[in-house]
Amino acid sequence: MTAVGRPRRSCLAVPGSSVKMLGKAQGLPADQVFLDLEDAVAPLAKPDARKNIVAALNEGDWTGKTRVVRVNDLTTPWTYRDVIEVVEGAGANLDCIMLPKVQNAEQVHWLDLLLTQIERTLGLEVGRIGIEAQIENAAGLVNVDAIAGASPRVETIIFGPADFMASINMKSLVVGALIPDYPGDPYHYILMRILMAARMHDKQAIDGPFLQIRDVDAFREVAKRSAALGFDGKWVLHPGQIDAANEVYSPAQADYDHAELILDAYDYYTSEAGGKLGAVMLGDEMIDEASRKMALVIAAKGRAAGM
Ligand code: GLV
Ligand code: MG
């Protein structure tokens with residue numbers, strides 16, 4: 001499954017406690033914004049942050065962006081009030097709720113039911129608000145298949161590398177970067193595990209943050225690894241990372257052009273043959289149904305990116 005949904009190449013984190021950043025984010029070229037009530041917001045600032053977020057969603061101009069709010073995780077006392085205040089206050093101007101540190105499918109069921117109750121009460125379309133599930137600990141990763149399939153509202157599975165590294169006692173402080181003592185990519189298994197669960201349920205897979213925000217080249221290197229596997233996008237913590245993410249998670253122009261050529265050639269030759277040809281030649285390259293599907297993925301990503 002290809003899971004080409006809303007564009008999410010760049011998912012910009014915006015602290016709900018900063019009215020200034022909530023304003024500035026509206027003019028930035030990120031595909032998605034997520035207005036944060038969790039780790040970017042201090043406990044005492046959370047009540048005001050909820051109000052700032054509701055106001056920004058209702059009064060701001062978020063045209064062209066997917067609007068997401070990250071609530072606090074279910075081990076805290078804040079989650080239910082986060083969801084109720086934000087969805088009651090701005091449910092019509094909100095696309096998804098992001099649930100961090102998801103550990104099992106039941107936590108997604110809880111959010112699904114709460115959203116349904118609020119939508120019904122407010123007369124909103126039931127089921128329109130999606131869920132983004134962040135995988136940030138061993139329980140979440142072990143249960144990721146069930147989490148991805150827990151509700152039709154789930155749109156993305158997100159890798160949260162900082163919390164994940166802490167939760168499994170990883171011996172590194174540089175989030176997402178390779179570890180010199182480890183001969184390989186220490187994130188490969190986690191990324192692939194998330195990607196398989198996401199694709200099994202036709203969801204998008206999103207890579208998490210890179211904290212060295214001034215080192216855009218290093219951001220690009222980390223992003224390229226998950227993009228190569230098939231991830232749909234990555235978090236950006238700073239405006240300087242947005243263009244790099246939009247570029248890395250779009251196909252290269254040459255690949256996009258080639259994909260469109262494959263699709264045209266395959267359609268042309270197979271219809272010429274009255275549907276009796278399974279494989280055709282494009283120059284020196286043999287194209288069959290599987291190569292057509294590969295080309296479809298690249299073409300869809302490129303079209304979504306406006307290529
Ligand atoms: C994001 O939430 C992370 O923990 O990396
Ligand atoms: Mg986290």
Side-chain angles (χ1 to χ4, degrees), residues 8-18 21 25 30 32-43 45-46 49 53 66 68-76 78-79 82 96-104 107-108 111 131-144 147 154-179 185-195 198 204-213 215 218-219 221-223 225-227 229 231-238 241-242 245 249:
R8 284 188 166 99
R9 297 166 304 171
S10 48
C11 305
L12 177 67
V14 188
S17 48
S18 168
M21 284 164 100
Q32 166 175 316
V33 287
F34 75 88
L35 315 183
D36 196 13
L37 286 170
E38 204 218 16
D39 285 353
V41 179
K46 292 191 196 280
I53 286 177
T66 299
V68 179
V69 174
R70 178 166 75 162
V71 297
N72 288 278
D73 83 89
L74 277 162
T75 63
T76 73
W78 300 301
T79 326
D82 290 343
C96 294
I97 294 288
M98 184 188 298
L99 190 61
K101 303 179 180 70
V102 179
Q103 304 201 36
N104 50 49
Q107 298 189 332
V108 176
L111 181 55
I131 294 176
E132 303 200 343
Q134 256 192 297
I135 301 300
E136 307 197 79
N137 49 45
L141 193 66
V142 168
N143 293 323
V144 68
I147 290 168
V154 175
E155 295 189 14
T156 68
I157 304 294
I158 305 165
F159 176 38
D163 274 302
F164 198 95
M165 290 165 76
S167 83
I168 64 164
N169 297 356
M170 217 168 188
K171 204 176 144 208
S172 167
L173 284 171
V174 187
V175 171
L178 296 183
I179 301 173
D185 179 349
Y187 309 99
H188 180 75
Y189 168 74
I190 309 164
L191 291 172
M192 265 308 198
R193 190 72 199 77
I194 287 174
L195 187 62
Q204 290 182 332
I206 305 295
D207 196 1
F210 183 71
L211 277 63
Q212 270 63 25
I213 55 173
D215 192 346
F219 171 88
E221 287 314 304
V222 173
R225 293 204 300 270
S226 64
L229 296 178
F231 270 60
D232 300 283
K234 184 170 178 64
W235 280 17
V236 291
L237 300 182
H238 186 268
Q241 297 176 330
I242 296 176
Y249 292 92

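Whatever order the structure lists ligands and atoms in, that order sets their numbers, starting from 1.
The distance from the NZ atom of Lys101 to the CG atom of Asn137 is 8.5 Å, given to the nearest 0.5 Å. Remark: Ser172 OG to Met165 CE distance equals 3.5 Å, nearest 0.5 Å. Distance check: Asp39 CG to Arg70 CZ gives 5.5 Å after rounding to the nearest 0.5 Å. Here the straight-line distance linking atom CZ of Arg8 with atom CG of Asp207 works out to 14.5 Å at 0.5 Å rounding. Atoms CE and CD1, on Met98 and Ile206 in that order, are 9.0 Å from each other to the nearest 0.5 Å.
Polar contact check, Glu136 against ligand 1: a nitrogen or oxygen pair lies under 3.5 Å apart. Considering both main-chain and side-chain atoms, Phe164 never comes within under 3.5 Å of ligand 1 through any nitrogen or oxygen pair. Among the atoms of Trp235, none of the N or O lies under 3.5 angstrom from an N or O of ligand 1. Looking at Pro161 next to ligand 1, an N or O pair under 3.5 Å apart turns up.
For Glu38 and Gln134, the side-chain atoms include no donor-acceptor pair closer than 3.5 Å. If you check the side chains of Asp82 and Asn72, you find a donor sitting under 3.5 Å from an acceptor.
Closest approach between the Mg ion (ligand 2) and any N/O/S atom of Glu136 involves OE1. The atom of Asp163 nearest to the Mg ion (ligand 2) is OD2, with the search restricted to N, O or S atoms.
Given atom 5 (O) of ligand 1, the protein heavy atom at minimum distance is Ala162 N, 2.7 Å. Closest to atom 2 (O) of ligand 1, if we only count protein heavy atoms, is Gln134 NE2, 2.8 Å.
Ring geometry for Phe34 against Trp235 counts as tilted: the plane angle lies between 30° and 60°, on a 0 to 90° scale.
Distance alone, capped at 3.5 Å, is enough to place a donor-acceptor pair between the Asp36 side chain and the Ala40 backbone.
Taking a cut-off of under 4.0 Å to the non-hydrogen atoms of Asp163, the atoms of ligand 1 that pass are 3 (C), 4 (O), 5 (O). Listed by atom number, the atoms of ligand 1 under 4.0 Å from Arg70 heavy atoms are 2 (O). The Gly160 neighbourhood of ligand 1 comprises atoms 1 (C), 3 (C), 4 (O), 5 (O), with distances under 4.0 Å to a heavy atom of that residue.
Contacts with ligand 1 closer than 4.0 Å are made by no heavy atom of Lys101, backbone or side chain.
At least one heavy atom of Pro209 sits closer than 4.0 Å to an atom of ligand 1.
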